[in-house]
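Take a look at the structure set out below.
Sequence lines set the chain letters: A, B, ... in the order given, protein chains first and strands last, and positions in each chain run from 1.
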There are 2 protein chains.
Amino acid sequence: MARNPIQNKRMRDERRQAILSCAVRLFATRGLAATKVADIAAAVGMSQGLLYHYFRSKEEIFVEIVRQAFERMNTAARDLERLPLTPRQKVEQAATTLMRTLEEHENFSWISVLISTASISDAVPAEARAIIRRERDVPYRVVARLARAGQRDGSFDDGRPDDLALVFWTTVKGLALHRLALGPTYKSPDPRVLTRIFFSETPT
Amino acid sequence: MARNPIQNKRMRDERRQAILSCAVRLFATRGLAATKVADIAAAVGMSQGLLYHYFRSKEEIFVEIVRQAFERMNTAARDLERLPLTPRQKVEQAATTLMRTLEEHENFSWISVLISTASISDAVPAEARAIIRRERDVPYRVVARLARAGQRDGSFDDGRPDDLALVFWTTVKGLALHRLALGPTYKSPDPRVLTRIFFSETPT
DNA sequence: CCCTCCATTGAATGACTGTTCAATCAAATC
DNA sequence: GATTTGATTGAACAGTCATTCAATGGAGGG
């Protein structure tokens with residue numbers, strides 16, 4: 001193995017990521033409590049003991065997954081908001097991107113499901129709960145602001161912005177769920193099922 | 001206690017229902033594995049041992065909940081389908097009823113969340129998985145048929161009926177989730193967020 | 001008043017599983 | 001080739017928790 005301390009750290013990080021990405025689908029399909037450390041170790045292909053060389057505990061793995069998930073999702077949401085586009089274009093782009101991501105990256109769906117269940121659950125580590133509480137409504141707020149902007153400039157229909165944002169993300173989560181149920185057969189619906197939440201077909 | 005064997009059975013059934021309705025929210029918030037038998041017993045207010053007088057195992061409780069949930073939901077769906085109404089009226093009635101139920105009966109949301117998580121989970125008893133596999137798409141099919149009927153008679157917009165049904169139920173599930181997060185503060189959005197999936201505002 | 005059911009308890013049991021640890025291995029540096 | 005440093009293992013440990021069970025209570029019927 002690499003003795004170079006920098007390469008060393010990199011390999012360690014890669015190994016941690018490998019563990020995380022195996023653990024995601026286990027946690028998503030079984031939940032934290034029902035996922036055994038032995039399962040994770042088997043999925044990664046290492047001994048149980050070695051897992052504890054990379055993470056202090058099963059809970060730490062879980063927390064790390066939650067942390068990274070929100071980091072990526074919220075960065076993407078804020079990036080979208082900053083793009084120099086009209087509200088209508090932003091919604092269209094978000095809808096198209098999300099539908100494509102659903103089809104192409106199974107991982108997005110695993111993470112989405114994991115977060116959904118973790119958000120409800122009483123049985124998650126306190127640290128994970130804190131992250132969730134702090135981060136979970138960022139995407140909702142972004143979309144609600146978008147809805148408000150669109151309604152102000154007249155390109156969107158009416159409806160309480162918060163409700164519309166809720167329906168928007170709810171639909172995405174539901175599709176993610178469905179995508180996992182179907183596997184590779186899955187085909188995303190027309191992005192208009194998302195855009196229609198905000199405005200009817202006819203371009204202004 | 002009632003010695004009358006008929007009354008006796010009735011009291012036993014009531015007790016079983018009491019256990020089930022306490023267990024639902026525990027299973028919904030923690031998942032099957034993370035819910036301890038001790039928790040359920042404490043919630044009902046009985047000893048752990050006594051639980052086993054009413055149910056053979058923790059899993060049996062879970063399975064019974066799943067069974068009853070699908071029974072009610074699917075009966076309601078099929079009842080709606082049989083009503084002498086136009087597709088448009090049926091969708092409107094379903095939307096209104098669901099929005100009201102969400103506000104008034106917290107239990108509906110608990111059950112909805114329980115079923116959602118159970119549907120994904122690998123870690124549910126085989127019997128529950130069988131019930132889920134067998135029953136879960138009844139409501140989807142009912143709504144898809146409705147969509148097809150509405151499109152045929154021209155009162156609905158276009159869109160793949162299966163996709164529309166998916167989006168419809170997904171939204172309901174998402175709202176149930178949100179309703180639990182908010183508690184008594186929750187206020188259902190305008191039913192049109194549901195009807196709009198199928199047709200635009202203007203009445204034909 | 002006794003006998004028979006059922007409800008009820010609380011403690012014992014036994015399996016499961018997260019975590020620790022002492023020991024081995026392998027690579028790189030000197 | 002000796003030494004250091006991190007990777008890796010497998011078994012042991014400890015705590016948790018579902019399930020069982022022997023014993024008690026209490027209500028109605030004879």
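- For the pair Met11(A) CE and dT8(D) C1', the interatomic distance rounds to 14 Å; values are reported in whole Å.
- The separation between Arg12(B) atom CZ and dA27(D) atom C1' is 18 Å, rounded to whole Å.
- Using modelled atom types and a 3.5 Å distance limit, the side chains of Gln89(B) and Gln93(B) yield no donor-acceptor pair.
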Can you give one letter per nucleotide of nucleotides 14-20 of chain D, going 5' to 3': B for a protein heavy atom under 4.0 Å from the base, S for sugar-phosphate only, - for none?
---SBBB
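- Distance CZ (Phe62(A)) to C1' (dG18(C)): 16 Å, rounded to an integer number of Å.
- Regarding Leu50(B), its CG atom lies at a distance of 12 Å from the C1' atom of dG10(C), rounded to whole Å.
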Does Arg25(A) form a side chain to side chain contact (heavy atoms under 4.5 Å, CB included) with Asn107(A)? I'd like the steps, not just the answer.
CA-CA 8 Å; Arg25(A) 32 196 89 193; Asn107(A) 220 40; 3.8 Å; yes
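- Taking CG of Leu80(B) as the reference point, atom CG of Leu146(B) lies at 6.5 Å (rounded to 0.5 Å).
- Put simply, the residue from Asp158(B), Asp162(B), Asp157(B), Asp163(B) that forms a salt bridge (charged side-chain N to carboxylate O under 4.0 Å, His left out) with Arg160(B) is Asp163(B).
- Put simply, CE on Met46(A) is 8 Å from P on dT9(D), counting in whole angstrom units.
- For the pair Glu60(A) CD and dT20(C) P, the interatomic distance rounds to 11 Å; values are reported in whole Å.
- Residue Arg136(A) holds its CZ atom at 10.5 Å from CZ of Arg129(A), rounded to the nearest 0.5 Å.
- Between His53(B) and the phosphate of dA7(C), there is a side-chain N or O to OP1/OP2 separation shorter than 4.0 Å.
- Within the 4.0 angstrom heavy-atom criterion, only backbone atoms of the sugar-phosphate kind lie near Tyr54(B); the bases stay farther away.
- Interatomic distance, CD of Glu103(B) versus OG of Ser109(B), reported as 10.5 Å (0.5 Å rounding).
- As rounded to whole Å, 14 Å separates atom C1' of dG10(D) from atom CG of Leu51(A).
- Atoms CZ (Phe55(A)) and C1' (dT20(C)) sit 18 Å apart, rounded to a whole Å.
- Salt-bridge formation is detected for the pair Arg10(A)/Glu14(A): a Lys NZ or Arg NE/NH1/NH2 atom is positioned less than 4.0 Å from an Asp or Glu carboxylate oxygen.
- Using a 4.0 Å cut-off, no side-chain N or O of Arg15(B) falls inside it from OP1 or OP2 of dC6(C).
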